[in-house]
Amino acid sequence: MTDAIRPVELVREDGTKTLETVADILSHLFVYQTHQRGQVHALLAVTGQAPPILDDYHLEYDAPMPSFDFSALGRKGA
C-alpha cells in the first residue's frame with residue numbers, strides 16, 4: 001500500500017472518529033491554505049495595508065536563499 005492511499009484516523013473535538021486517506025488530507029490542507037491566503041489578500045486589499053510575509057516555511061535546501069528575508073525580520077536563516 002502506498003502512503004497516499006493509507007488510511008488515517010482523525011478524531012474530532014466531539015470525539016467523532018473518521019478515516020481519511022493521506023492524499024485526501026493533503027488535498028484538503030492545500031485547498032484550505034489557498035482559500036485562507038485569498039481571504040487575507042482580499043482583506044488587506046480593502047485596507048491598503050502592506051501584506052505581511054506569509055511564506056514562513058522553508059525546506060532545508062532553501063535555507064541559504066531566504067537569508068535576506070530572515071535578516072529583515074531580525075531572524076537568522078531557516
Side-chain angles (χ1 to χ4, degrees):
M1 178 181 301
T2 66
D3 281 339
I5 60 172
R6 180 173 52 89
V8 176
E9 183 178 68
L10 300 177
V11 181
R12 308 228 180 249
E13 289 182 17
D14 65 0
T16 304
K17 296 180 181 181
T18 59
L19 284 178
E20 300 287 351
T21 65
V22 170
D24 286 342
I25 293 168
L26 288 175
S27 176
H28 172 76
L29 292 174
F30 295 146
V31 169
Y32 188 72
Q33 185 256 357
T34 302
H35 168 75
Q36 291 296 318
R37 287 182 70 121
Q39 285 187 319
V40 169
H41 175 78
L43 290 170
L44 288 174
V46 173
T47 67
Q49 184 173 347
I53 295 173
L54 298 175
D55 297 321
D56 61 356
Y57 177 78
H58 299 277
L59 297 174
E60 194 62 36
Y61 75 85
D62 290 331
M65 295 290 287
S67 60
F68 62 92
D69 292 335
F70 290 122
S71 65
L73 296 172
R75 294 170 39 195
K76 296 185 179 182

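By the side-chain hydrogen bond (donor to acceptor under 3.5 Å, both in side chains) test, Ser27 is found to be paired with no residue, residues two or more places apart in sequence or in another chain being considered. Judged as a side chain to side chain contact (heavy atoms under 4.5 Å, CB included), and not counting sequence neighbours, the contacts of Gln36 are Tyr32, Gln39. Every residue two or more places apart in sequence or in another chain that forms a side chain to side chain contact (heavy atoms under 4.5 Å, CB included) with Thr47 is listed here: Leu44, Gln49. Residues passing the side chain to side chain contact (heavy atoms under 4.5 Å, CB included) test with Val11, sequence neighbours excluded: Glu9, Lys17. The side chain to side chain contact (heavy atoms under 4.5 Å, CB included) search around Ile25 returns Val8, Leu10, Glu20, Leu29, not counting sequence neighbours. For Thr34, there are no side-chain hydrogen bond (donor to acceptor under 3.5 Å, both in side chains) partners, not counting sequence neighbours.
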| query | After noting the C-alpha distance and the side-chain angles of Arg12 and Thr18, does the key distance pass the side chain to side chain contact (heavy atoms under 4.5 Å, CB included) rule? | reply | CA-CA 8 Å; Arg12 308 228 180 249; Thr18 59; 4.2 Å; yes
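Between Leu19 and Pro7 the shortest heavy-atom distance is CD2-CB, 4.4 Å.
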